[in-house]
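I have placed the structure first, in the form of structure tokens, so that the comments after it can refer back to it.
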Amino acid sequence: MEHLRKVKGTSVVIVLALFVASFFLGRYAAQVAPVAGKAIQAGADGNWGLSFQEEGQPPVANATFEELAKYNAYYAEDTQEKTLYLTFDCGFENGNTPAILDALKKHGVKAAFFIVGNYLETSPDLVKRMLEEGHIVGNHSYHHPDMSKMGKEEFAKELGELESLYEQAVGKPMEKYYRPPQGKYSEGSLQLAKELGYQTVFWSLAYVDWNQDSQPSHEEAFDKLLKRVHPGAIVLLHNTSKTNGEIMDELLTEWEKMGYTFKDLSQLAKKAG
């Protein structure tokens with residue numbers, strides 16, 4: 001009987017040891033496995049996402065510079081130099097773009113304007129002014145749909161329709177810069193954009209400026225845009241924002257006081273390439 005009690009006791013110890021070992025091995029595997037098979041993962045609902053963790057430093061994004069580079073895509077420049085890339089998403093015109101363009105011209109800043117079909121149809125003269133003043137006009141799709149799950153034909157049609165309208169309006173082909181509508185993307189959509197010759201441009205600095213009925217105050221805008229600015233940032237602003245039109249001159253001045261200089265996306269594309 002004493003011998004059987006010893007055997008049973010030994011068996012219990014072995015079982016407990018195996019259980020503990022399995023628990024820790026399972027936790028280790030759970031930590032290691034995603035790294036080994038890491039792929040670009042969209043955030044909630046397929047959205048591009050950022051997490052600001054330290055003032056004046058780049059945010060943590062859904063994907064790294066290296067992962068995006070495989071698709072000719074980027075969200076910032078990997079640099080310690082105080083450079084900024086200023087971009088605007090243009091869904092429609094409500095009177096603020098001229099003030100933005102005036103401020104850019106005053107400071108000698110070249111920006112990128114990502115337009116949709118409606119903007120080009122209603123405001124061709126402003127698009128021509130953008131080009132005349134040295135800005136890039138990029139493709140934000142014709143209808144601004146969620147393109148993250150589209151097949152190749154539908155995806156190409158969304159970009160191609162805007163390309164055709166653009167060439168008719170300004171007399172030359174559109175440059176191949178693409179910003180995903182609604183910030184929605186997938187590995188498949190990044191690959192399709194690459195196959196169509198596009199650079200996909202995300203962003204590393206933005207704020208809630210698009211709601212016409214709830215515009216941020218000047219103080220709120222400066223609080224976000226000055227504290228979160230960082231070397232190599234691609235800044236996303238909306239041309240529909242009354243606040244942006246009002247603060248643009250002062251905002252550019254403040255960034256300049258902080259030691260920042262401005263470059264355009266063509267310079268970043270060359271470095272990324």
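All values derive from a computational prediction rather than experimental measurement.
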Q.
Looking at K176 and E163, is there a salt bridge between them, counting it only when a charged N and a carboxylate O are closer than 4.0 Å?
A. yes

Q) Salt-bridged, D125 to R129, with N to O below 4.0 Å? A) no

Q: Please identify each residue that fulfils salt bridge (charged side-chain N to carboxylate O under 4.0 Å, His left out) with K106, with sequence neighbours left out.
A: D249

Q: Can you sort out the partners of K257 under salt bridge (charged side-chain N to carboxylate O under 4.0 Å, His left out), two or more places apart, ordered by chain and number?
A: E254

Q. When you check the side-chain N and O atoms of E187 and Y71, is any donor under 3.5 Å from an acceptor?
A. yes

Q: Measure the CD-OG1 distance between Q212 and T240 for me, rounded to the nearest 0.5 Å.
A: 5.5 Å

**Q.** Point-to-point distance, once rounded to the nearest 0.5 Å, from CZ of F262 to OG1 of T83
**A.** 10.5 Å

Q: Kindly work out whether a path of hydrophobic side-chain contacts (I/L/V/M/F/W/Y, heavy atoms less than 4.5 Å apart) joins L126 to L237.
A: yes

Q. Can L104 be reached from L251 by stepping across I, L, V, M, F, W or Y side chains whose heavy atoms are under 4.5 Å apart?
A. yes

Under the rule for side-chain hydrogen bond (donor to acceptor under 3.5 Å, both in side chains), what residues qualify as partners of [X], not counting sequence neighbours?
X	value
E167	none
T87	R179
T243	Q215
E195	K152, Q191

Q | Minimum heavy-atom distance between T200 and A193, given as atom pair plus value | A | OG1-CB, 3.6 Å

For [X], all residues meeting ring-ring contact (aromatic ring centres under 6.0 Å, His included), sequence neighbours excluded:
X	value
F202	W48, Y185
F113	F88, H135
F92	none

**Q.** Any pair counted as ring-ring contact (aromatic ring centres under 6.0 Å, His included), so long as it reaches residues 217-250, sequence neighbours left out
**A.** W210-H238

Q | Of all pairs that satisfy ring-ring contact (aromatic ring centres under 6.0 Å, His included), the ones with a partner from residues 139-164, not counting sequence neighbours | A | H140-H144, F155-Y178

Q: State whether Y260 and K82 meet the cation-pi test: NZ (Lys) or CZ (Arg) under 6.0 Å from the six-membered ring centroid, and within 45° of the perpendicular axis.
A: yes

Q: Output all residues satisfying side-chain contact (heavy atoms from CB on, under 4.5 Å) with N96, sequence neighbours left out; order by chain, then residue number.
A: N94, K242

